[in-house]
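As structure tokens, the structure follows; a few thoughts come after it.
We count ligands from 1, going down the list as the structure has it; atoms in each ligand are counted the same way.
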Amino acid sequence: MKLFGTSGIRMKNLNPEIAYKIGFAVSQIAKNVVIGRDTRTTGGLIKNALITGLLNGGSDITNIGIVPTPTLGFSARNYDVGIMITASHNPPEYNGIKLFNKDGTAFRPEQEKQIEKIVSNKDFKRADWNCVGSVWKDETAIKKYMDFILENVDINKPFNVVVDCANSAGCVASPYLFTDVGAHVISINAHIDGRFVGRMPEPNEKNLYETMKMIKGLNENKDKNNDNNINGGRYIGIAHDGDADRMIAIDEKGRLTDFDKLLAVFSRYIVEKTGQKAIITTVDASMAVDEYLKDLNVKVIRTKVGDVAVSEALNKYNAIFGGEPSGTWIHKDIHLTPDGILSGLRILEMMEFYGKELCELMDEVPSYVNLREKIPCPDDKKVNVMNHVIENGEKIYNVIPETIDGARFNLEDGWVLIRPSGTEPYIRVRVEAKDYRVAKELLEKGIKLIKMENEYYDK
Ligand code: MG
């Protein structure tokens with residue numbers, strides 16, 4: 001039985017019976033477990049089902065309540081396993097379960113398989129009546145996490161920041177941390193409501209439209225009143241997804257920063273500040289990252305998509321920073337769980353380091369044309385289609401693909417990535433090029449290549 005996708009278990013109307021089984025399975029491998037959740041309306045239901053399974057197998061549970069994923073990941077260092085109940089950026093009717101190791105990394109695929117195997121073989125052993133586990137509530141986890149983050153950031157300028165928490169887990173930590181580093185904070189969507197009344201938790205242009213407009217307006221007022229120099233400059237925005245393991249920034253002009261460009265700017269900052277020799281990113285990141293770092297003595301290393309692959313590469317190449325263009329960034333010099341709050345604070349550090357506004361930094365990064373398309377493909381056909389793409393793509397693009405994750409064709413004036421979605425019945429094509437005509441041509445070739453093998457699309 002396959003339960004885990006690319007980021008733990010995630011589904012619409014997640015059934016508490018599954019949660020119970022996962023809890024029972026985890027109890028077979030872990031004695032001490034810490035559990036946290038985001039604000040979703042089904043969070044309490046899923047949490048209680050998990051706890052019942054865990055208790056039944058004899059685990060002791062520490063419940064740290066509503067917390068961001070990075071807080072759960074940080075807390076996991078004191079336990080055998082951490083469990084976060086969240087569906088991240090998905091709409092409110094979804095929920096999910098993500099398991100964490102002691103070092104703050106998410107479970108690797110082989111660990112998830114072990115849990116799946118226990119569930120499908122019903123390999124459960126109930127604890128005897130006198131060994132049933134117990135539950136503790138720990139309300140200090142947030143404070144400990146916040147103290148830890150504060151010790152590890154260095155911000156001296158009084159910035160102006162709008163923090164948008166999507167009514168979810170970021171609410172309990174993010175605005176307070178920005179205040180603690182001396183920023184003047186306006187928080188929005190910052191009360192807990194698992195229906196996500198303010199905006200949907202995916203941090204994209206559509207969902208952040210009002211926040212962007214607000215920042216633009218705030219700064220226009222500041223410009224009019226000439227108060228930029230006295231009061232820490234113009235506002236920027238930091239917006240989280242549902243569990244605040246990610247963030248995206250909004251610049252002083254009210255523009256949502258391009259995910260790839262922000263990654264490029266921040267990577268350059270890390271290299272210039274610390275002299276790192278390697279930056280980790282994923283196969284789907286823009287060539288803007290390589291281009292913007294090319295005058296520095298640094299290697300841009302690409303891994304499979306997903307935070308587990310990024311954290312493995314951080315260890316392998318002894319690097320301290322790895323980021324995905326989704327806004328999932330790992331700061332290994334601080335901790336190993338992707339952390340959208342820490343990432344936001346470090347954006348301020350970066351602005352202080354360069355003495356520049358975020359919009360200025362963003363405008364230094366080259367822009368390319370990015371096109372994306374998803375082609376329907378049933379899960380059981382994905383392997384065939386990908387084999388076909390790898391075998392025949394060479395003839396179409398005149399280059400042998402890299403196959404770290406899907407097939408990536410690196411061309412002189414751009415690249416094409418064709419990879420199966422880990423969570424949905426699609427094959428995705430992503431293309432980047434210097435001009436639109438080339439990008440469009442590359443995209444069309446990719447779509448044709450996928451469809452070549454698969455007449456069933458038209459049926
Ligand atoms: Mg997330």
Review point. Out of Glu324, His240, His89, which residue meets the side-chain hydrogen bond (donor to acceptor under 3.5 Å, both in side chains) rule with Arg246?
Key: His89
Review point. Does one side chain, of Glu360 or Tyr354, offer a donor that lies under 3.5 Å from an acceptor on the other?
Key: no
Practice item. Count the heavy atoms belonging to other residues, nucleotides or ligands that lie under 6.0 Å from NZ of Lys216, then report whether that count exceeds 12. Key: no
Review point. With a 3.5 Å cut-off and no angle check, do the side chains of Thr328 and Asp307 form a donor-acceptor pair?
Key: no
Review point. Hey, do the aromatic rings of Tyr145 and Phe148 have their centres closer than 6.0 Å?
Key: no
Exercise for review: Flag the pair Phe321 / Phe266 as yes when their ring centroid distance falls below 6.0 Å, and as no otherwise.
Suggested key: yes
**Study point:** Tally of protein N, O or S atoms, where distance to the Mg ion (ligand 1) is under 2.8 Å
**Key:** 4
